[in-house]
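Down below is the structure, laid out as structure tokens.
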Amino acid sequence: MSVKVRGLADPGATGLRAKRQRAEALGVWVQLLSWVSGERSDGFLTADILDLFGWEEANARLLRARYGRAPLLHRREDGEQCECMTGRAWVDDYEFLIHDYLDRNPSRSENDVHRAKAKELKNSALKAAVRARDGDICRYCGRACQHSDRVSDAGLTFDHVDPEVADGMSNLVVACRGCNRRKSKRTPEAAGLVLLPAPGDAQPAPGPTSDPGPDPSPNPGPDSSPNSAPDPSPPPVTTPATSTDAAVYPQSSTETSALTQVAASPGTGRVGSGTAPSTGPPRPGQPTAYRIGPPTTPRGPIHGSPYLRTSRPAPEHHAGHPPQPDQENR
């Protein structure tokens, strides 16, 4: 039995009496959790709601801390001092807070982004536009994706480049199933990937003689300037121009065929550390007026968003075993 559940019984209560006290307090707590989740209040609740579901004795057990652990329910005076409020501000319209609610549940802003992303992935018109822009080419490795393939790594999927933003085509790209699994719930930098340009219908760039066209004209003077003009000009103009100054829609496809990904790259950015293979082109597009995210919920290094975390942390203030368990009659 966990510390928090054991501490819900009054001191000295044993046997059936202790079990009833725990069951009553947990019943009130579960109803409060249900209300907070439905209202999306980020764990806050009012005194009226507490009186609606509970009564004086049961509420007192939820507000009481035992065994050196935080209570299941906070008043404002002690809640503002608890570590579960780190980086957050108390909302003036509420009198109580469920302890560590955001450590185990998404916030309102995180849920808004999650809903918007799910809605985008169900939008057939949006997905058709993304496929037309990207040409069924994976934007991370450059391979051709098969829309009918539902199993292998070459199958076509859609990926939100920034996992904490929903912004239509400005953040949605075609990705093969292999790259999508590797990237998971991270940015390309965190996964060690580079976002390649979209395979648009820009001018072809077969070699260094057709791309560079700065000051000397490429066609009329091939015979008179083979030694001075063409040699120094191609290096600074070819590659950097396509990777940093590419148009938003469509983008140049000069680097799409090159496999720039490194399988063992540690990555950097959200939920990662290290460096990506290269800087790469910009995001698929500029933010629009319909952009949702990133969430405004402050998250520390331990308690990330439940939608993005890969494993559930077990900090010290979570459930554990008391140092001296109560001796109860079974």
Side-chain angles (χ1 to χ4, degrees), residues 1-37 39 41-108 110 297-306 308-330:
M1 185 182 300
S2 71
V3 176
K4 293 182 182 296
V5 174
R6 185 181 295 276
L8 292 177
D10 294 338
T14 59
L16 184 59
R17 180 187 173 192
K19 293 178 182 179
R20 286 177 176 173
Q21 290 176 356
R22 295 191 190 103
E24 291 171 353
L26 285 175
V28 175
W29 184 65
V30 169
Q31 293 181 81
L32 295 176
L33 281 175
S34 178
W35 183 89
V36 166
S37 178
E39 293 294 322
S41 64
D42 291 354
F44 292 102
L45 53 103
T46 62
D48 294 339
I49 297 301
L50 184 60
D51 293 338
L52 176 64
F53 295 114
W55 60 96
E56 184 177 357
E57 292 79 6
N59 297 343
R61 297 184 185 110
L62 294 176
L63 294 164
R64 180 179 59 207
R66 292 189 65 188
Y67 300 117
R69 302 282 180 159
L72 291 177
L73 193 64
H74 287 297
R75 294 185 181 90
R76 179 165 187 168
E77 51 267 24
D78 68 283
E80 290 181 330
Q81 308 301 322
C82 183
E83 67 177 45
C84 70
M85 279 291 293
T86 302
R88 303 176 61 190
W90 194 280
V91 181
D92 292 332
D93 296 336
Y94 300 95
E95 294 83 17
F96 298 95
L97 170 71
I98 295 179
H99 175 67
D100 67 17
Y101 178 80
L102 289 186
D103 292 352
R104 304 165 182 268
N105 300 276
S107 67
R108 186 186 190 97
E110 291 167 346
T297 307
R299 292 286 187 180
I302 298 179
H303 308 295
S305 169
L308 301 180
R309 71 176 57 148
T310 56
S311 62
R312 174 169 295 183
E316 293 183 356
H317 67 278
H318 279 181
H321 297 285
Q324 295 179 354
D326 293 340
Q327 298 298 326
E328 298 178 356
N329 298 325
R330 296 294 177 179

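- The structure places CG of Leu26 at 11.5 Å from CD of Gln31, a figure rounded to the nearest 0.5 Å.
- Remark: Tyr101 engages no residue in a ring pair (Phe, Tyr, Trp, His ring centres under 6.0 Å) (not counting sequence neighbours).
- By the 4.5 Å heavy-atom criterion applied to side chains, Glu57 and Glu24 are not counted as neighbours.
- The shortest non-hydrogen separation linking Pro71 to Leu62 is CB-O, 3.4 Å.
- Between Arg64 and Gly7, the closest heavy-atom pair is NH2-O, 3.6 Å.
- Of all heavy-atom pairs between Ala9 and Arg66, the closest is O-NH1, 2.7 Å.
- Judged by distance alone, the side chain of Asp42 and the main-chain N or O of Leu102 form no donor-acceptor pair under 3.5 Å.
- Between the CG atom in Leu97 and the SG atom in Cys82 there is a gap of 8.0 Å [rounded to 0.5 Å].
- Qualifying side chain to side chain donor-acceptor pair (under 3.5 Å) partners for Glu95, counting only residues two or more places apart in sequence or in other chains: none.
- Residues that satisfy the side chain to side chain donor-acceptor pair (under 3.5 Å) test with Thr297, not counting sequence neighbours, are Ser107, Ser109.
- Side chain of Thr86 to backbone of Glu83: a donor-acceptor contact under 3.5 angstrom is found.
- Every residue two or more places apart in sequence or in another chain that forms a side-chain contact (heavy atoms from CB on, under 4.5 Å) with Leu50 is listed here: Leu32, Leu45, Asn59, Leu73, Phe96.
- Listed by chain and number, the residues in a side chain to side chain donor-acceptor pair (under 3.5 Å) with Glu80 are Arg76 (sequence neighbours excluded).
- Evaluation of the side chain to side chain donor-acceptor pair (under 3.5 Å) rule for Asp78 yields His74 as partners, not counting sequence neighbours.
- Remark: Glu56 CD is loosely packed, at most 12 non-hydrogen atoms of other residues, nucleotides or ligands lying under 6.0 Å away.
- Nearest heavy-atom pair, Ala13 versus Ala18, reported as atom, atom and distance to 0.1 Å: O-CB, 3.6 Å.
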Margin query: Determine whether Asp93 and Phe44 satisfy the following criterion, side chain to side chain contact (heavy atoms under 4.5 Å, CB included), listing intermediate values before the conclusion.
Written below: CA-CA 9 Å; Asp93 296 336; Phe44 292 102; over 6 Å; no

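- Evaluated for a side chain to side chain contact (heavy atoms under 4.5 Å, CB included) with Leu72, the options Leu33, Asp100, Ile98, Leu8 yield exactly one hit, Leu8.
- In this structure, Arg17 contributes its side chain and Asp10 its backbone to no donor-acceptor pair below 3.5 Å.
- Across all non-hydrogen atoms, the minimal contact from Trp90 to Tyr94 is NE1-O, 2.8 Å.
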